[in-house]
**Q** 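My questions will all concern the structure given below.
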Amino acid sequence: MANHYLLGLDVGASATKAVLLDGDVVRARSLRKSGADFGAAVRACLKEITSATGLEATEIERVVATGYGRRSVDFAATTVTEITCHARGCHASFPHAMTIVDIGGQDNKVIVVEDSGDRRSFKMNRKCAAGTGAFLEELANSLDTPVSAFNDLAGQAAGDLELGSFCTVFAKTELLKLIADGTPLPDIVKAAFRSVVKRILEMDPLTGNVVMTGGVVAHNPIIVDLVSNALGRKVLVPDHPQYTGALGAALSAGEM
Ligand code: ADP
């Protein structure tokens, strides 16, 4: 059977993700920081995908772009919203109704999906950093600790500390006080995770099967455990949760 290469590009505010499908099988993935030049991040992902597979870019039948910077992909056949792509990408792993919680770099979304995979409703917070990757990155800067160390640190927390505010600006003031008071770093990081979860739970009721995606979820499984504990039931996470939007874009390319 002839190969049928489809590329999904999710140009996020924080990270650009690419998924190459051959029919319905994932052949390659790539991720780059989006930085200030979305076009450069997209080209770097494309280069990695073609080098990894030995393909020429011209062998890719169709490209669909999604994400905050999707309009910067001038070679895409079309663009599709992140909401639709996340719904498609998650439905490929969990083919039933669900509530998707995506925690990205600069926004978070709650998307309610029907059994068919169509979205019923969604809520998106793009107005402030609360509950997003940017909130954790801001705290990481204040703590002079890489955000990549956060999950392990949170795993060492002993207390049930909560931050009074999830506003990045106020939380920072609170943190400086905690640091001055000698609060252990793991407890502070776990408190920041609790704050992300609290913000998510306030966005929309999380009903039915709950599926979590996005870079924050991919790198911080403890946040998934906290949501699971708060809801009193298991939360599902697809394989490669940071690539769900890119997968959905590639699947959309196959439906055109
Ligand atoms: P977007 O689609 O909005 O660009 P992503 O879903 O790709 O965002 O998630 C980006 C977020 O993932 C970052 O803001 C950061 O919080 C988190 N992240 C990315 N890489 C790492 C890492 N190595 N360790 C911890 N967190 C990470």
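Both ligands and their constituent atoms are indexed starting at 1 by order of listing. Nothing here was measured: the structure is a model prediction, and the numbers come from that model.
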**Q** For the pair Asp102 (side chain) and His86 (backbone), establish whether a donor and an acceptor sit closer than 3.5 Å, ignoring hydrogens and angles.
**A** no
**Q** Inspect the contact between Lys109 and Asp107 and indicate whether a charged nitrogen and a carboxylate oxygen are less than 4.0 angstrom apart.
**A** yes
**Q** May I ask whether Gly67 places a heavy atom under 4.0 Å from ligand 1?
**A** no
**Q** To which protein heavy atom is atom 6 (O) of ligand 1 closest, and what is the distance rounded to 0.1 Å?
**A** Gly215 N, 2.8 Å
**Q** Is a salt bridge present between Asp160 and Arg194, judged by a nitrogen-to-oxygen distance below 4.0 Å?
**A** yes
**Q** Which of the atoms in ligand 1, numbered in the order shown and given with their element, are less than 4.0 Å from a heavy-atom of Val147?
**A** 25 (C), 26 (N)
**Q** List every atom of ligand 1 that sits less than 4.0 Å from any heavy atom of Ser148, numbering the atoms from 1 in the order shown and giving each element.
**A** 23 (N), 24 (N), 25 (C)
**Q** Compute the minimum heavy-atom distance from Lys17 to ligand 1 and say whether it is under 4.0 Å.
**A** yes
**Q** Kindly check if the number of other-residue, nucleotide or ligand heavy atoms within 6.0 Å of OH (Tyr68) is above 12?
**A** no
**Q** Pick out which of Ile83, Thr244, Thr213 makes a side-chain contact (heavy atoms from CB on, under 4.5 Å) with Ile100.
**A** Thr213
**Q** Can an N or O of Gln242 be found at a distance shorter than 3.5 Å from an N or O of ligand 1?
**A** yes
**Q** Please say whether Leu136 places an N or O atom under 3.5 Å from an N or O atom belonging to ligand 1.
**A** no
**Q** Among all protein non-hydrogen atoms, which one is nearest to atom 14 (O) of ligand 1, and what is the separation to 0.1 Å?
**A** Glu137 OE2, 2.3 Å
**Q** Do Glu255 and Arg88 sit within salt-bridge range, that is, some charged N less than 4.0 Å from a carboxylate O?
**A** yes
**Q** For Gly214, counting its heavy atoms only, list the atoms of ligand 1 lying under 4.0 Å from any of them.
**A** 6 (O)
**Q** How many angstroms lie between CZ in Arg43 and OG1 in Thr16, if you round to the nearest 0.5 Å?
**A** 11.0 Å
**Q** For ligand 1 and Asp10, I'd like to know whether there is a polar contact (N/O to N/O, distance under 3.5 Å).
**A** no
**Q** In the protein, which heavy atom is nearest to atom 18 (N) of ligand 1, and how far is it?
**A** His219 CD2, 3.6 Å
**Q** Report yes or no: does Ser195 contribute a side-chain atom to a donor-acceptor pair with the main-chain N or O of Ala191 at less than 3.5 Å?
**A** no
**Q** With no hydrogens and no angle check, is any side-chain donor or acceptor of Asn125 less than 3.5 Å from a backbone partner on Asn108?
**A** no
**Q** Enumerate the atoms of ligand 1 whose separation from the nearest heavy atom of Ala15 is less than 4.0 angstrom.
**A** 4 (O), 7 (O)
**Q** Test of understanding: given a 4.0 Å heavy-atom threshold, classify the contact between Val216 and ligand 1 as side chain, backbone, both, or neither.
**A** both
**Q** Return a yes/no value for Gly105: is any of its N or O atoms, backbone included, closer than 3.5 angstrom to an N or O of ligand 1?
**A** yes
